[in-house]
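Sharing a structure with you now.
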There are 2 protein chains.
Amino acid sequence: MKIKTASSRVSETRRLIVHMIREQWAKEEGRLPSEERIAEMFGVSRSTVRAALGELESSGFIHRKHGLGTFVNPIASQIHARLDAWIEFKKLIEQSGFEADIQLLGLHKGPLSPDEAKKLGSSPGEPAVTVRKLFTADGQPAILCQDTIPLALLPPDCNAALLETSDTFHFLAKNGLGPVSYGVAHLIARCADAALADLLRIPAGTPLLALENVGYAPSDSPLFLSSELYCPGLIDFGIMRRHLY
Amino acid sequence: MKIKTASSRVSETRRLIVHMIREQWAKEEGRLPSEERIAEMFGVSRSTVRAALGELESSGFIHRKHGLGTFVNPIASQIHARLDAWIEFKKLIEQSGFEADIQLLGLHKGPLSPDEAKKLGSSPGEPAVTVRKLFTADGQPAILCQDTIPLALLPPDCNAALLETSDTFHFLAKNGLGPVSYGVAHLIARCADAALADLLRIPAGTPLLALENVGYAPSDSPLFLSSELYCPGLIDFGIMRRHLY
DNA sequence: AAGTGGTCTAGACCACAAA
DNA sequence: TTGTGGTCTAGACCACTTC
């Protein structure tokens, strides 16, 4: 079976392997067919299969044992929320086993603070739009999010309604900012003050996990800021750690 | 110049490229030589160079632009402490710009709690050794760490002194547990209680970042537990996030 | 010996960007 | 047009594991 070169054979092969992992195999076997066999199945060369498997291995989804075979990593699949994965909050909440909902808290335009400008590689005072949203999990406040986007990056006819109802990723994609290539998050622990406690329906002083993100374009230029506050007990972030070079 | 196959040409090439990034090039250029050129320089094929570059790209150290070249990622180098990198605390503290020191708080043997046993895939009550250490940055308490290792995994003649003075990684490597392949951390925000505040010399109620780690062998079997508590303001964890498959 | 992943190569061709 | 990275292949050989 030849696969269509929708994007590239490697990524298509990777997609099919992911499918294979999720559907039939993994559940009982935990072991994938041999590289040669996969190559036959998809009509590509072994090198292509190895490239696809290599990507999956570096993300921790599988690991290969010399002389034995390729195995699904049972640990990775137990992480419901991967901190190194940047996904829409709705998906994140759903993956964690809850029903997700969005609540718009506010949207306003204003100048960038010096701190914000620094993170965005912009100048203080530059106009920007800031939107605050509350995401609920099974009706319970789960994630408080505040996104800030410099107006200079948005087209004049930008659709503000989208900002209110959809995820920031979608909004950016549909407003010419192109794809968000990656983000860098810094982690901080915070305690809920009175206002926050009220909003999130938790006791004042509750410790919260905060992520301060900067989103970057493929060119490494900063696109937007995103502050995320996570209520405890709902989203359990996990991350695989290894020795780097 | 042919390189020696110390481990593998790809990893040796990667090492040399990392060196290249750190030393000469990056600083002024930010751009690496072309793949063809690197291949010549190191006496390997372009495919080998691409494999090495691919690894560095997936870790975020470089990114490649079609038709333009390979560039050092300026963002990644600004992250002093990568959450996805598992390194010794001493290095972590030093990389963050401080002088590191270790202080042994206690070492005792006892049975595993049900929760610990579950994480380790072991049975409650199994004997284990637990060690508590405090790492200081410029003399100031920075990381409180508690490691738990099942006794069953350790050789009878295990060198307990090492546990006290060195990092857990070193201890494990030198006691037959082999290399720690990877770890999975879960993130939690905590508030310092009175005892903790006293120990860490911070106000009671200060929010702390906590990492609950499980270390795994290459075979995916759990090796040890590691609880880490980070005092605010010293170690600033960053993490690159992207869209996964 | 058979099957598996690990390593590496040489080379072809494509796609993008700049001059 | 030139130089760059992107994709893909076929095939050789090695190293580990099991039988």
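Within every chain, numbering begins at 1; the chains are lettered A, B, ... in the order of the sequence lines, protein sequences first and strands thereafter.
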Practice problem: Please work out if A:S34 contacts a base, only the sugar-phosphate, or nothing of the nucleic acid, heavy-atom cut-off 4.0 Å. | Solution: sugar-phosphate

Quiz item: Whole Å only: how far is the CD atom of B:E12 from the C1' atom of C:dC8?
Solution: 15 Å

Quiz item: Does a side-chain heavy-atom distance below 4.5 Å link A:P124 with A:L112?
Solution: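 No, their side chains stay 4.5 Å or more apart.
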
Quiz item: In whole Å, what is the span from the CD atom of B:E35 to the P atom of C:dA12?
Solution: 18 Å

Quiz item: Would you call the rings of B:Y182 and B:Y216 parallel, tilted or perpendicular if under 30° counts as parallel and over 60° as perpendicular?
Solution: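 Parallel, since the angle between the ring planes stays under 30°.
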
Quiz item: Can you check the B:R9 CZ to D:dA15 C1' distance for me, whole Å?
Solution: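 Nearest whole value for this atom pair: 16 Å.
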
Quiz item: What parts of residues 56-69 of chain B reach DNA chain D, counting only heavy atoms under 4.0 Å away?
Solution: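 Heavy-atom contacts with DNA chain D come from B:R64, B:K65, B:H66, B:G67, B:G69.
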
Quiz item: Parallel, tilted or perpendicular: which fits the ring planes of A:W86 and B:H243, with parallel below 30° and perpendicular above 60°?
Solution: tilted

Quiz item: Do NZ/NE/NH1/NH2 and the carboxylate oxygens of A:E55 and B:R242 come within less than 4.0 Å?
Solution: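 No, this pair does not count.
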
Quiz item: Do A:R241 and B:E228 meet the salt-bridge criterion of a basic N to acidic O distance under 4.0 Å?
Solution: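 A:R241 and B:E228: salt-bridged.
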
Quiz item: So which nucleotide from C:dA10, D:dT9, C:dG5 ends up closest to the side chain of A:V44?
Solution: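 Given the options C:dA10, D:dT9, C:dG5, the side chain of A:V44 is closest to D:dT9.
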
Self-check item: Test: A:R22 cationic atom under 6.0 Å from B:Y245 six-membered ring centre, within 45° of axis
Solution: no

Practice problem: Tell me whether the OP1 or OP2 atom of D:dG5 has a side-chain N or O from B:R50 closer than 4.0 Å. | Solution: no

Quiz item: Taking N and O atoms by type only, does the side chain of A:R46 place a donor or acceptor under 3.5 Å from a partner on the base of C:dG6?
Solution: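 A donor-acceptor contact between them is present.
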
Exercise. Would you kindly give the CZ-to-P distance between A:R31 and C:dG3, to the nearest whole Å?
Key: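 It is 12 Å, rounded to the nearest whole Å.
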
Exercise. Would you kindly check if the NZ (Lys) or CZ (Arg) of B:R15 is within the cone defined by 45 degrees around the ring axis of B:F42 and under 6.0 Å from the six-membered ring centre?
Key: no

Exercise. Rounded to the nearest angstrom, tell me the gap between atom CD in A:E40 and atom C1' in C:dG3.
Key: 13 Å

Exercise. Report yes if at least one side-chain N or O of A:S8 is closer than 4.0 Å to OP1 or OP2 of D:dG6; otherwise report no.
Key: no

Exercise. Figure out the CG/C1' separation between A:L53 and C:dG5, and round it to whole Å.
Key: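 The distance from CG of A:L53 to C1' of C:dG5 comes to 10 Å, rounded to the nearest Å.
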
Exercise. Calculate the interatomic distance between A:F71 atom CZ and D:dT17 atom P; express it in whole Å.
Key: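 In whole Å, D:dT17 P lies 12 Å from A:F71 CZ.
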
Quiz item: With respect to the phosphate group of D:dT9, does any side-chain polar atom (N or O) of A:T48 fall under 4.0 Å of OP1 or OP2?
Solution: yes

Practice problem: Specify the separation, in whole Å, of atom CD of B:E36 and atom P of C:dA12. | Solution: 12 Å

